[in-house]
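Bear in mind that the values here come from a model prediction, so they are computed numbers and not experimental data.
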Amino acid sequence: MADGQWYPPEWPDRIRAHTEGTLVPVPPKRAATVLLLKDTPDGPVVHMLRRRASMAFAGGAYAYPGGGVDPRDDDHQVRWAGPTRAWWAERLGVDEAGAQAIVCAAVRETYEEAGVLLAGPAPDEVVGDTTGDDWEADRAALVARELSFAEFLDRRGLVLRSDLLGAWTRWITPEFETRRYDTWFFVAALPAGQRTRNASTEADRTVWIRPAAAAAGYDRGELLMMPPTIATLRQLTPYATAAETLAVAPARDMTPVLARARLQDGEIVLTWPGHDEFTKHIATAPAAEPIAGPNTGPVPGPITGPVPGPVAGPIVGGSA
C-alpha cells in the first residue's frame with residue numbers, strides 16, 4: 001500500500017558511503033518540537049503545519065512546530081514553574097543547563113510558529129491572547145534571533161510553565177543525513193484563551209486534525225510525513241483527551257530512536273529500531289535501465305513532492 005513517507009532522494013548514495021566507511025557523520029544539533037493538542041467532541045486534535053513545497057528539506061511534508069535549541073538559553077536562569085531543572089535533566093538525559101535550553105526551545109518554537117505561549121505572570125497562570133502588535137514585535141525578534149527566549153521572558157516578567165509540557169519521545173537524524181538533529185518531542189495542551197495561527201515562514205498551511213485521521217491520510221499517500229511525525233501520530237491515537245495524553249508522558253521511554261543501515265544479500269537494509277513500518281530495502285547499485293514512471297530512481301515508492309491540493313475530510317480548521 002502506498003504511503004506518504006518522505007524520503008530524501010540522496011539517501012541511497014549516502015547510505016552506501018556510510019556502510020563503506022567513507023562518510024563522516026555530521027554531529028547532530030539539539031532541537032525540540034511540540035505536539036500541541038486540544039479537545040473536541042470527537043476526541044483530541046493535534047496542531048500540524050505543512051512545510052512549503054519550496055523548502056529544500058521535506059518540502060510539502062506535514063510536521064509540528066519545532067526547531068533548534070538556542071545556546072543562549074543554556075546560560076541564563078529563567079523564571080521556572082513545574083518540575084525542577086534537575087528532574088528535567090534526568091528525564092531528557094542531559095545536564096541541567098541543557099535541560100533548560102531544550103525546554104526553552106520547545107516553548108519558544110511553539111510561540112514562534114503557532115503563536116501559543118506556555119508561560120505566564122505567575123507559576124499558576126498562563127498569558128491570554130498573544131496576537132497584539134507588541135507581542136508580534138517580540139515574536140519577530142525571537143525568530144530573527146535578535147532576542148533570546150530568556151531575555152524575552154525577563155522583559156515581560158514571565159514564568160516558563162514547564163509543567164504544561166510532557167516529554168514524549170526522542171529521535172536522532174540518521175548518521176548518513178546532511179542535516180542532523182537530536183530532537184526531543186513534547187506534548188502540550190492548548191492553554192485556555194490562546195489560539196493558534198500560522199506564524200511560520202516555513203509553512204503554507206496549518207491544521208487541527210485527529211491523530212487517527214492524519215495517520216489514515218498518510219497511509220493513503222495523501223499526507224506527506226517523515227518517520228518521527230507519523231510514528232508520534234500513531235502513538236497519540238489511544239488517548240481520549242489531551243489531559244490523558246499528558247498524564248502518560250512521564251512514564252514513556254526516552255531512549256533515542258536512530259536509524260540503522262546494514263548490507264545484506266546485495267542490498268542496503270535501512271531500519272528504525274522499534275518502528276518496522278519504516279524499513280527500506282535499497283539496491284547497492286542503481287538499476288541500469290530504470291522503469292519510467294512517477295517513482296523512478298534508487299528508492300522505491302515514497303512520495304518526493306508536495307501534497308497535491310487541499311486534503312478533504314478530517315481536518316478541523318486552521319486555527320484554534
Is it true that Glu112 and Arg145 make a salt bridge, defined as a side-chain N closer than 4.0 Å to a carboxylate O?
-> yes
Close side-chain approach of Leu117 to Thr110, heavy-atom, < 4.5 Å
no
* Asked: Out of curiosity, does Ile172 fall in the hydrophobic cluster containing Leu92 (side-chain heavy atoms, cut-off under 4.5 Å, transitive links)?
  -> no
Exercise. May I ask you to test the Val34-Glu109 pair for a side-chain heavy-atom distance under 4.5 Å?
Key: no
Gln194 and Val116 have their tightest heavy-atom pair at OE1-CA, 3.3 Å
Worksheet item: So, do Pro228 and Phe185 sit near enough that their side-chain heavy atoms are less than 4.5 Å apart?
Response: yes
Worksheet entry | Enclosure of Asp265 CG (heavy-atom neighbours >12, cutoff 6.0 Å) | no
For this session: Tell me whether the guanidinium CZ or amine NZ of Arg260 lies under 6.0 angstrom from the six-membered ring centre of Trp272 and within 45° of its axis.
Result: no
_Please tell me whether Val94 and Trp80 are part of a single hydrophobic cluster in this structure, the criterion being side-chain heavy atoms less than 4.5 Å apart._
yes
So the ring-ring contact (aromatic ring centres under 6.0 Å, His included) pairs with at least one residue in residues 128-150 (sequence neighbours excluded) are Phe149-Phe152
One should read off an interatomic distance between Glu113 CD and Arg139 CZ, to the nearest 0.5 angstrom, of 9.0 Å
Under a 4.5 Å cut-off applied to non-hydrogen side-chain atoms, are Ile230 and Tyr62 in contact? no
One should read off an interatomic distance between Leu246 CG and Leu165 CG, to the nearest 0.5 angstrom, of 8.5 Å
*Does a side chain donor of either Asp253 or Thr255 reach within less than 3.5 Å of an acceptor in the other side chain?*
yes
Item to check | Connected via hydrophobic side-chain network under 4.5 Å: Tyr181 and Trp184 | outcome: no
**Report entry** Salt-bridge present (Glu151, Arg155; N to O < 4.0 Å)
**Finding:** no
Between Val46 and Pro211 the two heavy atoms that sit nearest each other are CG1-CG, 4.3 Å
dist Thr173:OG1 -> Leu258:CG (nearest 0.5 Å) comes out at 9.0 Å
Taking every heavy atom of Ala261 against every heavy atom of Leu270, the minimum-distance pair comes out as CB-CD1, 4.3 Å
> Can you check side chain to side chain contact (heavy atoms under 4.5 Å, CB included) on Gln100 and Val69, steps first, answer last?
Replying inline: CA-CA 10 Å; Gln100 174 181 282; Val69 168; over 6 Å; no
Closest non-hydrogen contact found for Asp39 with Ala242 is OD1-N, 2.8 Å
Does the Thr33 side chain pair with the main chain of Pro65, one donor and one acceptor, at a distance under 3.5 Å? yes
dist Asp138:CG -> Glu146:CD (nearest 0.5 Å) comes out at 10.5 Å
Quiz item: Between Thr237 (side chain) and Leu233 (backbone), is there a donor-acceptor pair under 3.5 Å?
Solution: no
| query | For Asp73, does its backbone N or O pair with a side-chain atom of Ser148 as donor and acceptor, under 3.5 Å? | reply | no
Kindly indicate, with the supporting measurements, whether the criterion side chain to side chain contact (heavy atoms under 4.5 Å, CB included) is fulfilled by Phe186 and Leu35.
-> CA-CA 6 Å; Phe186 296 85; Leu35 286 65; over 6 Å; no
Check: Would you call Leu190 and Thr196 a side-chain contact if the rule is heavy atoms closer than 4.5 Å?
Finding: yes
> Does the pair Val126 and Arg161 meet the rule for a side chain to side chain contact (heavy atoms under 4.5 Å, CB included), with working shown?
Replying inline: CA-CA 8 Å; Val126 179; Arg161 294 288 305 275; 3.4 Å; yes
When rounded to the nearest 0.5 Å, the distance separating CZ of Arg195 from CG of Asp129 is 5.0 Å
**OP:** Quick one: do Trp168 and Thr232 satisfy side chain to side chain donor-acceptor pair (under 3.5 Å)? Show the steps, please.
**Re:** CA-CA 8 Å; Trp168 191 256; Thr232 48; over 6 Å; no
message = With heavy-atom distances below 4.5 Å as the criterion, would you say the side chains of Arg85 and Val78 are in contact?
response = yes
What I'd like to find out is whether the side chain of Leu160 reaches to under 4.5 Å of the side chain of Leu118, using heavy atoms alone.
no
Under-4.0 Å salt bridge between Glu177 and Arg179:
no
Notebook entry, point to check: Below 4.0 angstrom, N of the basic side chain to O of the carboxylate: do Asp154 and Arg79 qualify?
Noted result: no
Rounding to 0.5 Å, atoms CZ (Arg14) and OG1 (Thr178) come to a distance of 5.5 Å
Note to self: Using a 6.0 Å cut-off, check whether atom CD of Glu125 has over 12 heavy atoms from anything other than its own residue.
What the structure shows: yes
Minimal heavy-atom distance between Gly115 and Thr130, with the atoms involved, is O-OG1, 2.7 Å
Report task. Determine yes or no for a side-chain-to-main-chain donor-acceptor pair under 3.5 angstrom, with Thr40 supplying the side chain and Asp42 the backbone. Result -> yes
Residues Asp70 and Arg30 bridged, charged N to O under 4.0 Å: no
- [ ] Before giving the answer on side chain to side chain contact (heavy atoms under 4.5 Å, CB included), spell out for Glu175 and Arg180 the whole-Å C-alpha distance, their side-chain angles and the decisive distance to 0.1 Å.
- [x] CA-CA 7 Å; Glu175 293 179 332; Arg180 298 193 65 215; 3.7 Å; yes
- prompt: So do Thr271 and Phe278 actually touch side chain to side chain, heavy atoms under 4.5 Å?
  reply: no
Thr229 and Met48 have their tightest heavy-atom pair at CG2-CE, 3.6 Å
Q) Is it true that Asp182 and Arg170 make a salt bridge, defined as a side-chain N closer than 4.0 Å to a carboxylate O? A) yes
